[in-house]
Amino acid sequence: MSDLPKSYDHTKVESDIYKKWMDSGYFTPENLPNAKTREPYTIIMPPPNANAPLHVGHALGMTIEDILIRFERMRGKKTLWLPGTDHAGFETQVVFEKKLEKQGTSRFKMTREEFYKGAWDFVQENKHISEEGIKRLGASCDWTRNTFTLDPEVVKIVYQTFKQMHEDGLVYRSGRICNWCPKHQTGLADLETKYEERVEPFYYLKYGPFTIGTSRPETKYGDKYVVLHPDDKRYEKYKPGETFEAEWINGPVKATIIKDKAVDMEFGSGVMTITPAHDPVDFEIAQRHKLNYEQIIDKRGKLLDIAGEFAGQKILDARLKIVEKLGKIGLLEKTDEKYKHNVQLCYKCGNLIEPQIVPQWYIKMTEKLKDGRPSLRDIALKALNKKEVQIVTEKFEKIFRNWMENIRDWPISRQIWWGIPIPVKYCSDCQEVIIDIDDKTQSCPKCASSRLEKDPDTFDTWFSSGQWPYATLMANQAKKDRQDLETYFPTQVMETGWDILFFWVARMVMLSYYKTHKSPFEKVFLHGLVRDKDKQKMSKSKNNVVDPLGVIDLYGCDALRFALIFSTSAGNDIPLSEDKVKGMKHFGNKLWNISRFILSNSVIASPDAERGEAILPKEKIASDALAMTDADKDILAKLDALIKSSTVNLENFRLHEAAQEIYQFVWHEFADVYIEASKTQLKDEKLKANTLATCYLLLATCLKLLHPFMPFITEHIWSILRERKLVEDELLIVADWPKTLDLLEQLVSEASGYP
RNA sequence: GGUCGCAUAGCUCAGUUGGUUAGAGCGUUGCAUUCACAUUGCAAAGGCCCCUGGUUCGAGUCCAGGUGCGAUCACCA
């Protein structure tokens with residue numbers, strides 16, 4: 001009898017197997033057998049946040065990437081999967097600030113250096129946790145190339161890109177209005193804000209001869225322009241540029257009439273006053289008509305001195321009091337109207353965005369490049385048209401196009417401290433802008449003044465991670481004497497969640513074409529969101545967050561991986577339940593017991609089974625073709641079909657279909673049908689050898705097909721087969737992917753006597 | 001308001017280019033159990049594939065319209 005335990009225990013083998021793989025060196029492509037003749041196949045890992053433990057979304061991504069990498073490695077590619085971790089600027093700063101808050105302090109009570117040092121140590125402490133998590137997920141990535149987004153080599157590349165863009169006139173600093181989060185004290189890109197529907201009172205105020213509507217009376221201090229639609233018949237008699245005296249909140253003002261098509265005649269009274277310093281639409285109107293404007297609200301969201309007795313109050317606190325005052329002085333005409341509109345919020349803290357005029361660096365998205373190439377936006381669209389970048393599943397390509405077509409300039413500066421500082425100095429005397437990527441410039445090259453002021457801002461994280469595919473390869477090239485960029489770029493696949501299609505994928509495409517003239521990757525595979533069994537988003541507040549490592553402890557990494565892949569079609573959200581993982585653990589056990597059965601029979605029924613006989617079943621089977629039973633022929637034909645179809649499915653990213661058909665075959669064909677038939681066949685001396693050989697072939701092939709999905713148990717069983725000299729390759733991770741044998745045709749022709 | 005998507009078994013979902021009796025996991029019901037595995041096996045129940053119309057020899061799959069649901073983007077005070 002077999003000496004193997006009755007059930008498979010993942011806890012005893014997973015870490016040993018990962019170590020075995022590490023020791024083999026096969027995660028590093030140059031160490032693979034016949035590395036020189038292999039064709040490169042590269043995936044750059046989306047670097048998880050160094051500061052947070054992995055969540056189940058990471059587990060999904062890592063699993064998909066690992067499946068692709070293991071599949072291609074077995075198919076003979078020179079596979080590089082480059083791991084990394086992300087300093088995750090804004091995200092981490094928010095987490096770190098919360099920690100400070102708990103300690104009763106805040107970044108505004110520290111120097112910038114103290115803060116940066118604190119955040120750095122915080123991240124370094126946690127960084128190994130994510131790396132450990134990646135390993136426990138079975139990721140066969142090349143740790144010798146592990147890269148951190150703040151590695152000096154990476155930062156240098158980011159700086160060089162910025163400098164080049166500045167020389168090309170692609171980046172500029174502008175004092176236009178931006179999204180401002182009063183809590184986090186930073187500007188945000190449109191993408192970093194969200195909208196929420198609110199129903200709020202809508203007030204009608206008397207403004208000279210007009211009635212204006214507003215939901216934000218507190219911003220109306222200082223309003224001295226009234227804007228009408230040029231085609232509005234009601235106000236035909238008022239000419240643009242005319243002025244009039246109006247009694248207003250803070251006393252009489254001299255108001256000027258402006259006509260602009262931005263006004264909606266149907267909305268409210270069809271008349272509005274503008275607050276250019278705190279509203280994007282108003283700002284644009286002011287720009288068009290070259291109007292003056294004044295700051296009413298400070299960066300913390302409090303009213304300034306212009307608000308008189310309300311100065312220093314938070315706007316929401318002041319609103320009702322101001323309405324009351326307006327009523328008292330007879331300016332309030334109507335208050336009972338409700339108004340449903342979308343308010344813009346910080347995506348991180350959910351606080352109201354208060355637009356502010358703060359200088360920011362922007363990248364031009366729609367302007368032609370100096371070297372004659374189209375704009376960054378158009379280059380990316382062209383790449384899609386020419387299929388140099390393909391997004392898996394067409395729907396994402398459509399979404400991508402739609403977003404690209406409406407793109408606006410990208411603000412890349414943030415007023416946060418944790419991140420890559422913007423390498424710019426300003427001359428206090430002549431205002432010269434100096435790009436200083438080595439931080440060595442001491443005096444202004446233009447006027448020789450030594451009064452230089454450093455830009456206080458940091459880059460948007462996505463500006464640096466948008467360069468990740470080439471930056472990682474270049475950084476490794478700089479660290480070690482390797483030709484990584486030449487060898488592994490462009491990469492083959494970018495696998496990530498669809499939620500960062502715009503944040504990340506779009507920027508990678510644009511920046512890579514800009515810098516390298518090449519696409520960063522051939523294909524983009526987007527996975528969906530992992531949800532709980534009730535399709536709810538996982539969140540701490542709902543207490544339904546699945547900790548992947550906890551699941552691995554309970555059911556094993558293979559079970560988690562298989563459960564995640566099993567019903568995952570590209571880009572659709574995935575409900576994950578404990579039952580599903582449990583079911584997949586059962587499947588692993590099934591495979592284990594198939595192996596036990598075969599091994600126990602190979603000892604008793606065929607003590608003389610030689611290695612050669614076992615590993616070359618095809619020849620053995622062929623020579624004995626006439627002795628084959630229908631069961632033998634049937635299962636081999638099905639195996640053959642499985643090899644073909646699962647290979648094609650994997651090639652086309654239909655991982656779930658491959659997983660399902662392999663599952664189906666192993667359990668319901670191999671085990672339920674063939675193993676049952678073999679029990680009789682093994683008792684027949686004439687059929688015994690052939691039956692065993694068929695079992696070996698089936699088992700070895702299934703282990704190979706399953707290995708990308710369930711790397712640990714398959715490698716473990718393989719090692720047992722190997723100990724008994726039943727398989728040739730030492731490690732399954734580098735075994736050859738099964739080739740179709742066209743067995744059935746061969747068997748039929750031989751059995752029937754025709755060549 | 002723009003864009004995109006979804007609707008298939010009790011639940012969660014697969015179903016690539018249109019092609020026989022539409023599948024899986026979990027759940028339900030009945031039977032089996034010294035024989036690899038109770039983390040099991042065998043069997044069963046359960047589907048106008050949202051509705052209407054069209055294209056086709058043939059539609060869950062393609063087209064049009066409808067209904068319901070959702071995602072995402074967006075400067076209407």
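Order of the sequence lines sets the chain letters (A, B, ...), proteins ahead of strands, with each chain counted from 1. Quantities reported herein were computed from a predicted structural model and do not represent experimental measurements.
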*asked:* Base, sugar-phosphate or nothing for A/Ala671? Non-hydrogen atoms, less than 4.0 Å.
replied: base

*With heavy atoms under 4.0 Å as the rule, sort A/Phe283 into base, sugar-phosphate or nothing.*
nothing

*Who is the Watson-Crick or G-U wobble partner of B/G18, with both distances under 3.5 Å?*
none

_Pairwise P distance, B/G19 and B/G60 [rounded to whole Å]_ = 10 Å

*asked:* For A/His527 and A/Glu495: C-alpha separation, side-chain torsions, deciding distance, then whether side-chain hydrogen bond (donor to acceptor under 3.5 Å, both in side chains) applies.
replied: CA-CA 7 Å; A/His527 64 249; A/Glu495 193 285 334; 2.4 Å; yes

All N/O contacts under 3.5 Å from nucleotides 41-45 of chain B to the protein, with atom names and distances to one decimal?
| unit_1 | atom_1 | unit_2 | atom_2 | d |
| --- | --- | --- | --- | --- |
| B/G41 | OP1 | A/Lys590 | NZ | 3.3 |
| B/G41 | OP1 | A/Trp667 | NE1 | 2.2 |

*Between B/A71, B/G15, B/C75, spot the one nearest the side chain of A/Trp498, thanks.*
B/A71

*asked:* Let's test this: given Watson-Crick or G-U wobble pairing with both distances under 3.5 Å, identify the partner of B/A32.
replied: B/U40

*Within the structure shown, what part of the strands sits under 4.0 Å from A/Ile675 by heavy-atom distance: base, sugar-phosphate, or nothing?*
base

*Would you mind reading off the distance between A/Asn342 atom CG and B/C76 atom P, rounded to a whole angstrom?*
7 Å

*asked:* Nearest whole Å is fine: how far is B/A14 P from A/Tyr663 OH?
replied: 17 Å

*Going 5' to 3' through nucleotides 4-9 of chain B, assign each nucleotide B (protein heavy atom under 4.0 Å from a base atom), S (under 4.0 Å only from sugar-phosphate atoms) or - (no protein heavy atom that close).*
SS----

*Measure from CD1 on A/Ile574 to P on B/A24 and round the result to the nearest Å.*
22 Å

_Without decimals, in angstroms, what is the distance between A/Asp579 CG and B/C26 C1'?_
6 Å

*Base, sugar-phosphate alone, or nothing: which one does A/Val648 contact when heavy atoms must sit under 4.0 Å apart?*
nothing

*Would you say a side-chain N or O of A/Tyr195 is under 4.0 Å from OP1 or OP2 of B/C75?*
yes

*Centroid-to-centroid, A/Tyr207 to A/Trp248, below 6.0 Å?*
yes

*With A/Phe587 via ring pair (Phe, Tyr, Trp, His ring centres under 6.0 Å) - residues at least two apart*: A/Phe562, A/Tyr663

*Please report, rounded to the nearest Å, how far the P atom of B/C76 is from the CD1 atom of A/Ile285.*
13 Å

_If the threshold is 4.0 Å, N to carboxylate O, is there a salt bridge linking A/Lys688 and A/Asp684?_
no

*Check every strand shown and say whether A/Gly556 touches a base, only sugar-phosphate, or nothing at a heavy-atom separation below 4.0 Å.*
nothing

_Whole-Å gap separating P (B/C37) and CG (A/Asn593)_ = 6 Å

*With both distances kept under 3.5 Å, what pairs with B/G10, Watson-Crick or G-U wobble?*
B/C26

*Could you please name the partner base of B/C49, counting Watson-Crick and G-U wobble pairs only when both distances are under 3.5 Å?*
none

*asked:* Under a 3.5 Å cut-off for both contacts, is B/U72 paired Watson-Crick or G-U wobble with anything, and if yes, with which nucleotide?
replied: B/G2

_Please classify the nucleic acid contact of A/Lys582 as base, sugar-phosphate, or nothing, using heavy-atom distances under 4.0 Å._
nothing

*With the side chain of A/Trp403 defined as its heavy atoms from C-beta on, choose the nearest nucleotide among B/C26, B/A71, B/C73.*
B/C73

_Just to be sure I understand the rule, does A/Asn652 reach a base, reach only the sugar-phosphate, or reach nothing, if contact means heavy atoms closer than 4.0 Å?_
nothing

*Starting at atom CZ of A/Phe267, determine the distance to atom C1' of B/C76, rounded to an integer number of angstrom.*
6 Å

*Hey, does A/Phe566 reach any base, or is it just sugar-phosphate, or nothing, if we go heavy atoms under 4.0 Å?*
sugar-phosphate

*A/Phe502 side chain, from C-beta outward: closest of B/A36, B/A14, B/U72*: B/U72

*Between A/Ile598 (CD1) and B/A36 (P), how many Å, whole number?*
12 Å

*For residues A/Phe210 and A/Tyr238, establish whether the separation of their ring centroids is below 6.0 Å.*
yes

